[in-house]
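Heads up: the structure comes next, in structure tokens.
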Amino acid sequence: MSNDVESVTIESLSIYHRSQVEEGGTAFFLGRKHDDGSKVLGVRGDSSGFVGTVDATSSVMLCPLTAANAEALRTRLPWLRPVLLGLKTSAGFGDRLGLATPGHIRSICETAAATELIAPVFAQQSVRENTRTGRTPQQVMDDAMWGVFQEGWCAPWGADADHLKTPEDVEAFAEAGYTFFTIDPGDHVDDSVEDLSSNELEVRFRTAPWQMLEDSPADLQRRYLARSLDLPDLDITIDREQLLRAVAKYGAAVAHTGVMYRHLVNTMGEDNFELEVSVDETERPTTVVEHIYIASELRRLGVRWVSLAPRFIGSFEKGVDYIGDLEVFSSEYARHAAVARALGPYKLSLHSGSDKFSIYPIAARHSWVRGAGPAGTMVHLKTAGTSYLEALRAMSRVGTELFRAILDHAIDRYEIDRATYHVSAELARVPNPRTVKDNDLPDLLEDFDAREVLHVTFGSGLERFGDRLRSALEDNEDLYSEVLATHFKKHLEPFVKSQSEGS
């Protein structure tokens with residue numbers, strides 16, 4: 001592979017120079033047409049396997065960015081396929097518009113040492129997000145890949161099939177080549193157990209799915225009770241009530257995760273994917289005892305995973321900073337990190353991690369593992385909707401009327417769309433977009449209530465304004481990449497700093 005390629009000039013195109021690469025005697029590049037702004041793949045040399053038309057003046061085949069051409073390019077340039085990332089510090093960059101990957105890449109390249117210390121996940125979308133955006137797993141994968149190609153990124157990257165709830169959810173992501181599968185057994189978590197009486201708790205314990213857990217009440221109690229769990233950095237004794245509540249709350253979720261894992265193994269093969277377990281989308285925090293139970297039982301069932309997302313204490317609302325006592329969070333996170341080191345090691349995953357700037361230094365400090373080599377800070381940061389908000393920031397600067405229309409719509413839809421989110425924004429506190437001066441519109445992206453209202457209405461907003469928004473962003477793609485890079489550097493820097501200072 002060589003990036004030292006003779007520059008291609010085609011009068012009808014602007015060439016993305018970082019994309020130019022030569023492999024096996026054939027040159028490839030990405031270009032944008034001057035007439036309609038669409039992007040094309042250029043192939044100079046062996047164009048077998050690609051579908052396009054040959055430019056008469058240059059003898060270069062110009063190919064539309066179809067799924068078939070994307071697959072043909074991955075075959076020629078294997079670094080365009082996602083890979084396993086292991087325990088290295090990682091960050092997931094969700095992209096609901098399919099245009100953000102160049103900006104995500106620039107944020108890494110512009111953050112000192114991030115290219116060596118942070119493993120990126122550029123394709124990341126959940127079934128719920130795909131439903132709301134009208135995209136497929138394959139489209140998400142291909143959009144990320146074209147961004148990787150455009151920016152000349154040749155380092156490893158991952159693809160996350162996020163928040164999968166059923167075995168049926170797996171298939172389309174597996175076919176599209178995803179490498180990282182986040183299992184969400186939240187529907188099987190029983191948050192009500194903390195309110196149960198002792199008698200009710202006994203009933204729930206006895207009726208847990210013991211057959212699916214390949215266990216019995218007596219065997220479980222022999223493993224956990226009447227002994228101290230002397231874990232490195234954490235000495236803890238589990239009493240019977242704590243154990244019963246852990247089983248009643250998470251037993252079915254552990255069993256379901258085992259089912260999902262075995263389905264993935266049958267579909268992908270045991271060594272061809274990485275697993276994340278997510279129990280973050282529940283009402284009540286995961287205690288350290290519950291974390292020990294979840295990890296110990298998954299390990300006993302033969303489940304292998306690289307990261308786990310507990311429901312941390314405090315509030316992780318969408319698109320805004322952490323809400324809660326930072327000292328309490330720090331103490332609890334340190335205990336969870338001790339469990340992850342002792343029972344794994346595996347990474348702790350910060351879900352709804354966008355814009356939680358106050359806790360990044362805490363998570364980075366407590367997740368640092370001295371002598372872990374490339375693992376370093378064993379944490380995975382997962383972001384999603386903040387890239388959509390940065391798209392709106394770009395529009396607030398160059399597409400003011402479109403931005404006002406999107407915010408008007410968000411205000412109208414907020415009470416409906418917020419139903420599936422835990423948010424606390426109040427419409428009464430959102431400024432009227434029609435009375436805000438043009439120069440002050442970007443400030444609304446710093447406003448707590450406006451950010452949440454815009455964040456949770458992304459689905460209905462894209463349904464109504466998606467084509468206009470994408471078109472405007474394509475016309476201003478350098479601006480979009482610029483605001484993304486500025487925003488995500490603030491996400492990455494605390495984790496890079498932790499590793500740089502700890503090494």
Side-chain angles (χ1 to χ4, degrees), residues 92 126-129 160 162-166 169 181-196 200-201 204-205 207-209 212-213 241-261 275-298 303 305 307-320 322-325 328-329 332-333 335-337 339-340 346-354 356 359 363 379-385 418-424 452 455-456:
S126 67
V127 174
R128 179 175 67 183
E129 287 171 322
D160 181 1
D162 197 16
H163 282 286
L164 305 180
K165 291 177 175 288
T166 70
D169 291 339
F181 291 78
T182 299
I183 304 304
D184 178 2
D187 292 345
H188 303 270
V189 176
D190 187 351
D191 271 318
S192 71
V193 299
E194 294 181 38
D195 302 320
L196 297 179
E200 291 170 325
L201 188 59
R204 294 285 184 89
F205 178 67
T207 56
M212 292 179 66
L213 290 168
E241 181 172 339
Q242 289 174 318
L243 181 61
L244 266 58
R245 291 194 186 280
V247 174
K249 183 177 179 181
Y250 286 110
V254 169
H256 181 71
T257 301
V259 170
M260 293 288 287
Y261 177 74
L275 186 76
E276 176 165 290
V277 181
S278 166
V279 292
D280 71 296
E281 292 197 351
T282 57
E283 285 297 319
R284 302 191 178 182
T286 307
T287 68
V288 171
V289 167
E290 290 164 350
H291 184 172
I292 291 170
Y293 168 76
I294 293 167
S296 299
E297 295 308 297
L298 288 175
V303 176
W305 70 98
S307 52
L308 187 146
R311 165 64 164 89
F312 291 109
I313 197 166
S315 184
F316 284 70
E317 296 190 11
K318 300 295 184 181
V320 296
Y322 175 78
I323 301 171
D325 186 312
V328 173
F329 175 82
E332 285 298 296
Y333 189 95
R335 286 157 59 82
H336 283 291
V339 174
Y346 50 86
K347 294 181 282 191
L348 288 182
S349 189
L350 295 169
H351 283 213
S352 297
S354 303
K356 304 300 182 289
I359 66 168
V379 65
H380 177 62
L381 173 66
K382 185 168 293 193
T383 74
R418 70 180 296 183
T420 55
Y421 294 97
H422 176 60
V423 288
S424 57
E452 287 205 332
H455 189 294
V456 303

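A quick note: this is a predicted structure, and the numbers were derived from the prediction, not measured. This chain uses plain numbering: 1 for the first residue, then up along the sequence.
For an aromatic pair to be called close, the ring centres must be under 6.0 Å apart, and Tyr250 with Tyr293 fails this. Aromatic ring centres of His351 and Phe316 lie farther apart than the 6.0 Å criterion allows.
Of the possible polar contacts, one joining the Glu129 side chain to the Ser126 backbone as a donor-acceptor pair under 3.5 Å is found. The closest donor-acceptor contact from the side chain of His163 to the backbone of Ser278 lies at 3.5 Å or more, if one exists at all.
Side chains of Ser352 and Glu317: no donor on one and acceptor on the other come within 3.5 Å.
In this structure the side chain of Leu275 reaches within 4.5 angstrom of the side chain of Val303, judged on heavy atoms. A heavy-atom distance below 4.5 Å is not found between the side chains of Asp280 and Pro310. Residues Arg204 and Ser192 have side chains in contact (heavy-atom distance under 4.5 Å, counting atoms from C-beta outward). Residues Val288 and Arg335 are in side-chain contact: their nearest non-hydrogen atoms beyond the backbone lie under 4.5 Å apart. Using a 4.5 Å heavy-atom threshold, the side chains of Leu348 and His336 count as touching. Side-chain contact between Leu308 and His291 is present, with heavy atoms from C-beta onward closer than 4.5 Å.
Geometrically, Arg128 engages Tyr421 in a cation-pi contact defined by less than 6.0 Å to the ring centre and at most 45° from the axis.
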* Derivation and outcome, side chain to side chain contact (heavy atoms under 4.5 Å, CB included), residues Leu350 and Lys356 -> CA-CA 9 Å; Leu350 295 169; Lys356 304 300 182 289; over 6 Å; no
Note to self: Let's go through Phe329 and Ile359 carefully: what are the C-alpha distance in whole Å and the side-chain angles of both, what is the deciding distance for side chain to side chain contact (heavy atoms under 4.5 Å, CB included) to 0.1 Å, and is it a yes or a no?
What the structure shows: CA-CA 8 Å; Phe329 175 82; Ile359 66 168; 3.7 Å; yes
### Task
Could you check Trp305 against Thr182 for side chain to side chain contact (heavy atoms under 4.5 Å, CB included), going step by step and ending with a plain yes or no?
CA-CA 10 Å; Trp305 70 98; Thr182 299; over 6 Å; no
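Shown here for Pro209 and Ala252, the closest heavy-atom pair between the two residues is CG-CA, 3.9 Å. When every heavy atom of Gly186 is checked against every heavy atom of Asp184, the shortest pair comes out as N-OD1, 2.8 Å. Taking both residues in full, the closest heavy atoms of Ala253 and Val189 are given as CB-CG2, 3.8 Å, listed atom of the first, atom of the second, then distance. Nearest heavy-atom pair, Ser354 versus Ala384, reported as atom, atom and distance to 0.1 Å: OG-N, 3.3 Å. Across all non-hydrogen atoms, the minimal contact from Leu381 to Gly353 is CD1-O, 3.7 Å. For the residue pair Glu276 and Ser307, the shortest heavy atom distance occurs at OE1-OG, 2.5 Å.
For Arg311, the side chain to side chain contact (heavy atoms under 4.5 Å, CB included) criterion is met by Thr282, Pro285, Thr286, not counting sequence neighbours.
Ion pair Glu290/Lys249 flagged as a salt bridge, since at least one NZ, NE, NH1 or NH2 atom sits closer than 4.0 Å to an Asp/Glu carboxylate oxygen. Residues Glu452 and Lys318 are not paired through a salt bridge, judged by the lack of any N-O separation under 4.0 Å between the basic side chain and the carboxylate. Salt bridge present: Glu241 and Arg245 bring a charged side-chain N and a carboxylate O closer than 4.0 Å. Comment: Asp195 engages Arg284 in a salt bridge, judged by a side-chain N to carboxylate O separation of less than 4.0 angstrom. Salt-bridge annotation for Lys382 and Asp162: present, with a side-chain N of the basic residue lying under 4.0 Å from a carboxylate O of the acidic one.
Atom CD1 in Ile292 sits 11.5 Å away from atom CD in Glu297 (nearest 0.5 Å). We find the CG-OG1 distance between Leu298 and Thr257 to be 5.5 Å, quoted to the nearest 0.5 Å. Separating the NZ atom in Lys165 from the CE atom in Met260 is a distance of 10.0 Å, to the nearest 0.5 Å. Put simply, CG on Asp160 and CZ on Phe181 are 9.0 Å apart, with the number rounded to the nearest 0.5 Å. The CG atom of Leu244 sits 4.5 Å away from atom CG of Leu201, with the distance rounded to the nearest 0.5 Å. The distance from the NE2 atom of His188 to the NE2 atom of His256 is 4.0 Å, given to the nearest 0.5 Å.
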